[in-house]
Amino acid sequence: MKAQSKPESTAAKALTKALGGTRVDPPPVWLMRQAGRYLPEYRALRKQAPDFMACCNNPVMAAEITLQPIRRFALDAAIVFSDILIVPHAMGRHVRFAEGEGPLLEPLGGHGDVDRLDPLRVVEGNQALMETLALVKAELDNKTALIGFAGAPFTLVAYMIDGKGGGVFARTRALMTEDPALLDRLLSILAEAVSNLLIAEIDAGAEAVQIFDSWAGLLAGGKGFERWSIKPIATIVSAVHAARPGVPVIGFPRAAGDGYDAFIAGTGVDAIQVDQMTPLSTMQALQKTLPVQGNLNPEVLLAGGVGLTDQVHAIRAALAGGPHVFNLGHGVIKETPPEHVAELVAALREPSGMVS
Ligand code: CP3
């Protein structure tokens with residue numbers, strides 16, 4: 001059955017309607033990294049905490065940061081302010097954010113370090129996140145949905161093995177050939193941890209959850225994509241569906257190239273977030289199977305002006321035939337003027353007759 005032929009859902013929120021398979025016009029909108037450094041009110045609050053992890057671990061502060069973009073732009077969803085690296089942190093790996101360098105982790109040694117990882121610590125170690133979700137939920141009106149999230153096992157493991165981001169991940173790549181069984185073991189530990197975390201986020205108030213496989217592109221096109229991206233995410237999706245049926249799970253295998261079909265079929269996600277490299281024609285094809293989310297280029301948002309409004313109209317028009325959630329193809333760039341986000345939302349919400 002085509003996703004867009006499902007009956008109108010009774011849910012009042014545009015986001016949950018669209019994620020449930022209903023065509024909503026104009027489409028609901030939220031932006032990856034909608035809370036963060038491009039907002040002066042975020043930078044002001046962030047200065048009051050010793051570091052970024054302390055912000056995430058302070059529920060009052062994290063709830064306030066989550067709500068900042070909602071107040072400014074009346075977006076259709078709030079995404080809880082946190083980070084994907086709270087998972088390795090709760091499992092006992094040291095994580096810090098060095099100014100200008102991104103995240104730095106103590107790289108995993110070998111089997112001994114893997115033995116010491118305890119997936120059960122991930123929920124108890126992240127009670128601050130659960131409190132943040134509850135605080136935000138209490139503040140949202142009945143139109144705005146709350147999204148929880150987690151990193152996908154492969155992306156988390158890549159940070160844990162290499163100790164830093166940047167896209168090279170030389171140690172992770174080496175492990176794929178030198179000790180693939182160790183990688184399998186790590187990924188199944190992380191799949192259990194992430195399943196437990198997402199279920200707890202739902203219990204704390206999340207109405208949808210997104211799994212960020214930001215570095216899935218390292219695997220795309222090879223056999224590893226099925227084994228190390230799709231398979232662990234499939235484990236998570238079935239655990240979440242079994243435990244909390246009806247809550248949509250959005251998958252984001254960034255830079256998956258031509259791997260989206262395999263990802264959707266193999267993981268069982270309810271909706272797919274695509275990056276800005278994905279053509280609108282591919283999104284239209286995917287939309288016949290499930291709701292699609294995306295995919296404005298964050299650089300177009302950074303630039304603003306007529307280029308921005310034209311692109312917003314083009315994406316909306318191309319995907320108007322089925323369930324669509326408007327988003328970027330990756331996170332908001334920190335130099336983005338906040339007014340450009342207001343322009344994006346206004347352009348998207350113009351009456352459809354004005355949109356060519
Ligand atoms: O979307 C939102 O508004 C919610 C908040 C959110 C953050 N990180 C806050 C954050 C989300 C959803 C994330 C996810 C995340 N974190 C991902 C997946 C998405 C993606 O970008 O691919 C990844 C890979 C991370 C790991 C991470 N955290 C990196 C690479 C960095 C450094 C980024 C940079 O630009 O310096 C972070 C830090 C981070 N996470 C910041 C924020 C607001 C900046 C920290 C600061 O204020 O100093």
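Counting starts at 1 for both ligands and their atoms, following the listed order. This one's a predicted model, so the numbers in the text were calculated from it and none came from an experiment.
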Consider ligand 1: state whether an atom of it lies below 4.0 angstrom from any non-hydrogen atom of K334.
no
Report yes or no: do Q210 and Q293 form a side-chain donor-acceptor pair below 3.5 Å?
yes
Do the side chains of R227 and D184 get close enough for a salt bridge, i.e. N-O under 4.0 angstrom?
yes
Would you say ligand 1 has an N or O under 3.5 Å from any N or O of T155?
no
How about D213 and S229: does a side-chain donor come under 3.5 Å of a side-chain acceptor?
yes
Parallel, tilted or perpendicular: which fits the ring planes of W215 and Y159, with parallel below 30° and perpendicular above 60°?
perpendicular
Contact region, R33 to ligand 1, non-hydrogen atoms below 4.0 Å, reads both
Quick test: of every protein heavy atom, which one is nearest to atom 9 (C) of ligand 1, and how far off is it to 0.1 Å?
S82 O, 3.3 Å
Looking only at protein heavy atoms, identify the closest one to atom 35 (O) of ligand 1 and say how far it is in Å.
R37 NH2, 2.4 Å
May I ask you to list the atoms of ligand 1 that are less than 4.0 angstrom from any heavy atom of Y42?
43 (C), 46 (C), 47 (O)
I'd like the name of whichever of G165, P103, G102 reaches closest to atom 29 (C) of ligand 1 through any heavy atom.
P103
Ignoring hydrogens, just give me the one of D83, I79, V332, D51 whose non-hydrogen atom is nearest atom 40 (N) of ligand 1.
D83
Sub-4.0 Å heavy-atom contact, F252 with ligand 1
no
Tell me if the centroids of the rings in F81 and F52 come within less than 6.0 Å of each other.
yes
